[in-house]
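This report refers to the structure that appears directly beneath it.
Residue indices begin at 1 and follow the sequence shown.
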Amino acid sequence: MDDREKESNFIFSYIDKDLKDGVYADNRVHTRFPPEPNGYLHIGHAKSSLLNYRTALKYHGTFNLRFDDTNPEKENMEYVEAIKKDLKWLGIEWGDHEYYASSYFPQMLEYAKEYIKKGIAYVDDQDMETIKKTRGNLTSPGTESPYRNRSVDENLALFQDMIDGKVPEGEKVLRAKIDMASPNMNMRDPIIYRVRHLVHPKLGTEWHVYPMYDFAHPVEDAIEGITHSLCTLEFEDHRPLYNWFLEHLDEFQHEPPRQIEFAKLNLSKTIMGKRYIKKLVDEGVIDGWDDPRLATISGLRRRGYTPEAIQNFCEEIGVAKANSTVDTAMLEHFIRDDLRTKAPRYNCVIHPLKVTITNWPEDKVEWLTIETNQDVEEMGCHKMPFTRELYVEQSDFMKEPVKKYFRLYPGNEVRFRGAYFVTCQDYVEDENGNIIELKCTYDPETKCGSGFKGRKVKGTIHWVSATEGKPVEIHLFNSLLKDDSRYTLDNLLDKINPNSLEVCHGFAEPEALKLKPYDKAQFVRNGYFSVDPKYSKPDHLVFNQIVPLKSKWRPPKKK
């Protein structure tokens, strides 16, 4: 655990106090991550799951993975498997501590009946629209249901009818009897159970009533013996209800779990909510939940992010009590920092412009020795072919150069990285005036590593052999959203950036063609790239740009 992990935060302060006061037997700490299997995890879930997991590790406690499968309308086992895969990739381990809310359904029914027997729960025949209207608002109290004072026996009988599937959907609900005048809207007789005649991904058609999350959440925590239930900030107003549900159950009077809220992670120009991502998936706007333009864990993994970069990013942003938006440039900084000493460096030309070295023999191939990563001596060297016909970037030539342009233009000499000094003598245009070829010469005395010091050049550019290199497909990404303005399900499609993906057809040096799916490399001067696992084939590699080389974010100075 590094120094940053050892730093305290307000959550650790709460836990430390609980341990000092002996709130939980044996000073135990037990956390959990409870995703709903209705979509894939995103970067916000990474922060939450890592926080819960690392909190358990810090205190030598226990960590549970619990699937909150209480809404079968939106849940399926595909999402369960995807969530487990993402968490394992992030480095989170839960062993045999894998649980499902649906496993507790029989117990939950008994707890609901306990509320009824205590006179603090009742079956309401009002429809959802009426219940919503009669809750009141922040300035006026709600109106009590006409069914609020049914007898215990009647409520038990009606609830049993709901359980047995005798009640149509929407006809009845079970509500807690708390306070319709409470200043906290969540305490105004919240719904505990609703009727749903659906097929559950694990339980089939066995169940006809499903618990609401506000009830299920604390009960699940208590059943599992969770000590500290770490939740995002939107659950802060729900904490009194969380406590109420447990305070009124005899079984959980001793050592109930404590809910602690922290700010959720928001990234600039990034779509986070699962319902928004699902809409884009369903409409075919993006390439599935693992689209590299998404901040889903699977999308980041496919794009080429490493778990270490995400872990370090989550550590850096820390734990706060107020929501804020983090600049995506900060996340990009951490993947650059992680790959700087991990990724080999190869030449790849993304927008090719042909170069003919007119004084180089036509059939000659010289294999030059190139350092694989100048910052990591242990990576050694590799061979790269220099031939008569090469490719350089289109941006590395200007017919009429601007001031301080040190790359190729008629009469200018530059160094071809790891090779020779090359001078542009002429260029070829097509009928539309586009530059399609450069005619250049090389100086054999200027070979890199030969010790030549006769003169210096200001520009160094990368290149690829046109005959020994191979074509590759390059995917360049921009923000999926046009800007940071608010989006809704209704206007989401209008907010999508039509230029979020640029597909280029480039050329890569032979060594880069040995990379496998998920392998990463720096393409000199162009950024970090990863082999796409979905569309790459042995004879046709597709590279996703992970991040450009230049960063707009700098870590804060240490005090």
Side-chain angles (χ1 to χ4, degrees), residues 43 267-271 286-287 291-296 299-306 308-310 312-313 316 325-353 372-376 391-398 404-407 417 459-464 472-484 497-509 512 515 518-532 536 541-555:
I43 188 73
L267 275 182
S268 63
K269 295 184 181 180
T270 304
I271 297 173
I286 56 176
D287 185 28
D291 190 297
R293 292 167 291 181
L294 293 174
T296 56
L300 292 169
R301 179 171 63 246
R302 180 180 164 195
R303 182 162 178 164
Y305 273 77
T306 62
E308 293 83 4
I310 295 175
N312 293 336
F313 167 70
E316 181 66 34
T325 299
V326 177
D327 193 334
T328 302
M330 183 177 174
L331 174 61
E332 293 175 345
H333 162 82
F334 283 96
I335 185 62
R336 282 191 200 91
D337 188 60
D338 189 54
L339 292 180
R340 183 178 60 82
T341 57
K342 289 182 178 179
R345 298 174 184 177
Y346 300 131
N347 280 7
C348 179
V349 174
I350 295 178
H351 301 97
L353 173 60
T372 301
N373 185 327
Q374 294 90 325
D375 295 332
V376 186
Y391 285 119
V392 298
E393 294 286 354
Q394 293 175 14
S395 60
D396 283 337
F397 174 80
M398 291 187 74
K404 294 186 177 181
Y405 185 82
F406 302 121
R407 287 169 272 175
R417 175 181 177 264
T460 299
I461 65 175
H462 65 288
W463 52 274
V464 171
V472 292
E473 187 174 317
I474 305 289
H475 292 179
L476 304 177
F477 303 109
N478 293 305
S479 171
L480 189 57
L481 289 172
K482 294 177 182 176
D483 51 48
D484 276 328
N497 177 11
N499 301 312
S500 61
L501 170 63
E502 179 185 357
V503 178
C504 305
H505 299 281
F507 263 77
E509 65 165 286
L515 296 172
Y518 293 111
D519 283 352
K520 300 152 194 32
Q522 181 192 123
F523 287 165
V524 176
R525 298 173 60 221
N526 280 318
Y528 290 98
F529 291 77
S530 179
V531 181
D532 186 271
S536 289
L541 292 186
V542 177
F543 287 93
N544 295 322
Q545 185 182 46
I546 308 169
V547 66
L549 286 181
K550 293 184 178 180
S551 176
K552 300 177 182 178
W553 183 85
R554 293 290 182 273

| query | Considering residues at least two apart in sequence or located in another chain, which fulfil the salt bridge (Lys or Arg N to Asp or Glu O under 4.0 Å) criterion with R303? | reply | none
| query | Which residues satisfy the salt bridge (Lys or Arg N to Asp or Glu O under 4.0 Å) test with E502, sequence neighbours excluded? | reply | none
| query | Quick one: does V326's side chain get under 4.5 Å of F313's, heavy atoms only? | reply | yes
| field | Heavy-atom side-chain contact between L339 and T306 under 4.5 Å | value | yes
Atom [atom1] of [X] and atom [atom2] of [Y]: how far apart are they, to the nearest 0.5 Å?
X: Y391; Y: W463; atom1: OH; atom2: CH2; result: 14.0 Å
X: T341; Y: D375; atom1: OG1; atom2: CG; result: 8.0 Å
X: I286; Y: I271; atom1: CD1; atom2: CD1; result: 7.0 Å
X: I546; Y: Q522; atom1: CD1; atom2: CD; result: 10.5 Å
X: R293; Y: D287; atom1: CZ; atom2: CG; result: 7.5 Å
X: D338; Y: N312; atom1: CG; atom2: CG; result: 6.5 Å

| query | Looking at residues at least two apart in the chain, or sitting in another chain, which of them share a ring pair (Phe, Tyr, Trp, His ring centres under 6.0 Å) with Y305? | reply | none
| All ring pair (Phe, Tyr, Trp, His ring centres under 6.0 Å) counterparts of Y528, not counting sequence neighbours | none
| request: Walk me through it: do L476 and F529 pass the test side chain to side chain contact (heavy atoms under 4.5 Å, CB included)? | output: CA-CA 9 Å; L476 304 177; F529 291 77; 4.0 Å; yes
Who are the side-chain contact (heavy atoms from CB on, under 4.5 Å) partners of [X], not counting sequence neighbours?
X: F406; result: K404, K458
X: T325; result: N266, S268
X: N499; result: N497
X: V472; result: C348, I474, A508, L513, L541, F543

Mark yes or no for whether [X], through its side chain, and [Y], through its backbone, hold a donor-acceptor pair below 3.5 Å.
X: R336; Y: L549; value: yes
X: E509; Y: N347; value: yes
X: K342; Y: R340; value: no
X: E393; Y: H351; value: yes

Applying side-chain hydrogen bond (donor to acceptor under 3.5 Å, both in side chains), can you list everything that pairs with [X], at least two apart in sequence or on another chain?
X: N373; result: R345
X: S479; result: none
X: D396; result: R407, R525
X: Q394; result: none

| Test log, rule side chain to side chain contact (heavy atoms under 4.5 Å, CB included), inputs Y346 and L515 | CA-CA 11 Å; Y346 300 131; L515 296 172; 4.3 Å; yes
Any idea which heavy atoms bring [X] and [Y] closest together, and the distance?
X: K520; Y: G304; result: CE-O, 2.9 Å
X: V464; Y: F507; result: CG2-O, 3.5 Å
X: I335; Y: E332; result: CG2-O, 3.1 Å
X: F477; Y: Q545; result: CD1-O, 3.4 Å
X: I43; Y: L300; result: CD1-CD1, 4.0 Å
X: F397; Y: L353; result: CB-CD2, 3.9 Å

| remark: Test side chain to side chain donor-acceptor pair (under 3.5 Å), reference R302, set D291, D532, T296, output is D532
